[in-house]
Amino acid sequence: MRRQALHIADVTKTTYNRDVYEPSDDSFALVDALQQELVKIPLSSACQCLEIGSGSGYVSCSLALLLRHCNVSASCIATDISVHAVTATKATVAAHQVTEVDVIQADLVSPLSARLQQAVDILVFNPPYVPTPDEEVAKGGIAAAWAGGNCGRVVIDRVLPLVDKLLSRGGHFFMVTVPENKPEEILALLSKNGLQGWLHLPVSVCLPSAIREPCLSQRNRCCSKSCHALSMLRKQSAS
């Protein structure tokens, strides 16, 4: 049974449905990494956070609660292209009485790029990482939560060029990956923009059955992963 902490979101108060990805092992791994790292990060009294692809809102809500627990005044933005996910995220943060999260329907960060340029202290991204045919990426619906195209990298590769533009000096980027995404290659790509990075210990992951079954029906592409690497990248501060 998963350990619950008072300062992360309660799954039973988290909204999801057939159109919204439910909190699963990858969501928990991401929140666990945030729990481990936030106590080590020197945060200012005010912190700008951004989650790209909030889904149910479990991660954004947990992040806001963790920062509140750390006595950090946070301003959080959660984006998702799905109107169903936006509705779910709003319901989740409301159920937890979290007022620090502003939920916006957007394709990645398209309407916010200028406003958030080099302003994000904590950037969080649980991407659609499952390797699929590229045409699956644009299908919409719940498929948008998992279909990652070639090497599971189609959406990931749209976000990577934004990381350096969004992060503040000393900002942190947390992202879920699986081995098929070539996480070491991702670390190397981002290191060219002055970021340091590492992989957290892998954890077992199995996607919810509502997502796993459609995956399995497509050319035997299994989206139940035996290990799930979580990469965390930290932008270097200028000396």
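Between F173 and F125 there is a side-chain heavy-atom pair separated by less than 4.5 Å. Taking 4.5 Å as the limit, some side-chain heavy atom of E185 sits within range of a side-chain heavy atom of R153. By the 4.5 Å heavy-atom criterion applied to side chains, Q48 and L116 are counted as neighbours. In this structure, the side chains of L187 and L199 come closer than 4.5 Å at one or more pairs of heavy atoms. By the 4.5 Å heavy-atom criterion applied to side chains, K165 and Q118 are not counted as neighbours. Within the 4.5 Å cutoff, no side-chain heavy atoms of E51 are placed close to those of C76. Annotation: side chain of V124 is not in contact with side chain of S60 (no heavy-atom distance under 4.5 Å). Using a 4.5 Å cut-off on side-chain heavy atoms (C-beta onward), L63 and L38 make contact.
When all heavy atoms of E136 and K139 are compared, the closest pair comes out as OE1-CD, 2.9 Å. Taking both residues in full, the closest heavy atoms of V137 and G149 are given as CG2-N, 3.4 Å, listed atom of the first, atom of the second, then distance. A pairwise comparison of heavy atoms in A9 and S62 identifies N-OG, 3.0 Å as the closest pair. Of all non-hydrogen atoms in M175 and T177, the two that sit nearest each other are CE-CG2, 3.3 Å. The two residues D121 and A46 have their closest heavy-atom pair at OD2-O, 4.1 Å. Of all heavy-atom pairs between T14 and P23, the closest is CG2-CG, 3.7 Å.
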(request) Start with the C-alpha distance between I122 and L50, add both sets of side-chain angles, then the distance that settles side chain to side chain contact (heavy atoms under 4.5 Å, CB included), and finish with yes or no. (result) CA-CA 6 Å; I122 299 175; L50 171 65; over 6 Å; no

(request) Begin with the C-alpha distance, continue with both residues' side-chain angles, and end with the deciding distance and a verdict on side chain to side chain contact (heavy atoms under 4.5 Å, CB included) for V20 and T15. (result) CA-CA 8 Å; V20 177; T15 296; over 6 Å; no

(request) Step by step, work out the side-chain hydrogen bond (donor to acceptor under 3.5 Å, both in side chains) result for Y129 and D26. (result) CA-CA 11 Å; Y129 53 72; D26 48 1; 2.8 Å; yes

(message) Please evaluate residues Q35 and L66 with respect to the criterion side chain to side chain contact (heavy atoms under 4.5 Å, CB included), reporting the C-alpha separation (whole Å), side-chain torsions for both, the decisive distance (0.1 Å), and the verdict.
(response) CA-CA 7 Å; Q35 284 184 286; L66 285 166; 3.6 Å; yes

(message) Could you walk me through whether V120 and C49 satisfy the side chain to side chain contact (heavy atoms under 4.5 Å, CB included) test, starting with their C-alpha distance in whole Å, then the side-chain angles of each, then the deciding distance to 0.1 Å, before giving a yes or no?
(response) CA-CA 6 Å; V120 177; C49 306; 5.9 Å; no

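A distance of 10.5 Å separates CG of N150 from CG of N181, quoted to the nearest 0.5 Å. I104 CD1 to L112 CG: the interatomic distance, rounded to the nearest 0.5 Å, is 4.5 Å. Taking CG of L123 as the reference point, atom CZ of F174 lies at 10.0 Å (rounded to 0.5 Å). Atom CG in N126 sits 5.5 Å away from atom OG in S27 (nearest 0.5 Å). For the atom pair CG of L189 and NZ of K182, the computed distance is 10.5 Å after rounding to the nearest 0.5 Å. If you take CG on D164 and CG on N193, they are separated by 4.5 Å, rounding to the nearest 0.5 Å.
A continuous path of Ile, Leu, Val, Met, Phe, Trp and Tyr side chains, each step under 4.5 Å between heavy atoms, connects I186 with L108, placing both in one hydrophobic cluster. Following chains of ILVMFWY side-chain contacts shorter than 4.5 Å, one can reach V103 starting from L65, so the two form part of one hydrophobic cluster. Linking Ile, Leu, Val, Met, Phe, Trp and Tyr whenever their side-chain heavy atoms come within less than 4.5 Å puts W146 and V59 in one cluster. Side-chain heavy atoms closer than 4.5 Å link hydrophobic residues (I, L, V, M, F, W, Y) into clusters, and following such links, possibly through other members, connects V31 to V178.
A side-chain contact (heavy atoms from CB on, under 4.5 Å) with D157 holds for exactly one of V155, V154, L160, V159; it is L160.
Residues in residues 75-88 take part in no side-chain hydrogen bond (donor to acceptor under 3.5 Å, both in side chains) pair, two or more places apart or across chains. Within the structure, side-chain hydrogen bond (donor to acceptor under 3.5 Å, both in side chains) pairs that include any residue of residues 89-109 comprise S54-T89, R68-E100, D107-R158 (at least two apart or interchain).
Within the 3.5 Å criterion, the main-chain N or O of V109 finds a donor-acceptor partner in the side chain of S113.
Between F28 and Y58, the two ring planes are perpendicular [angle over 60°; tilted spans 30° to 60°].
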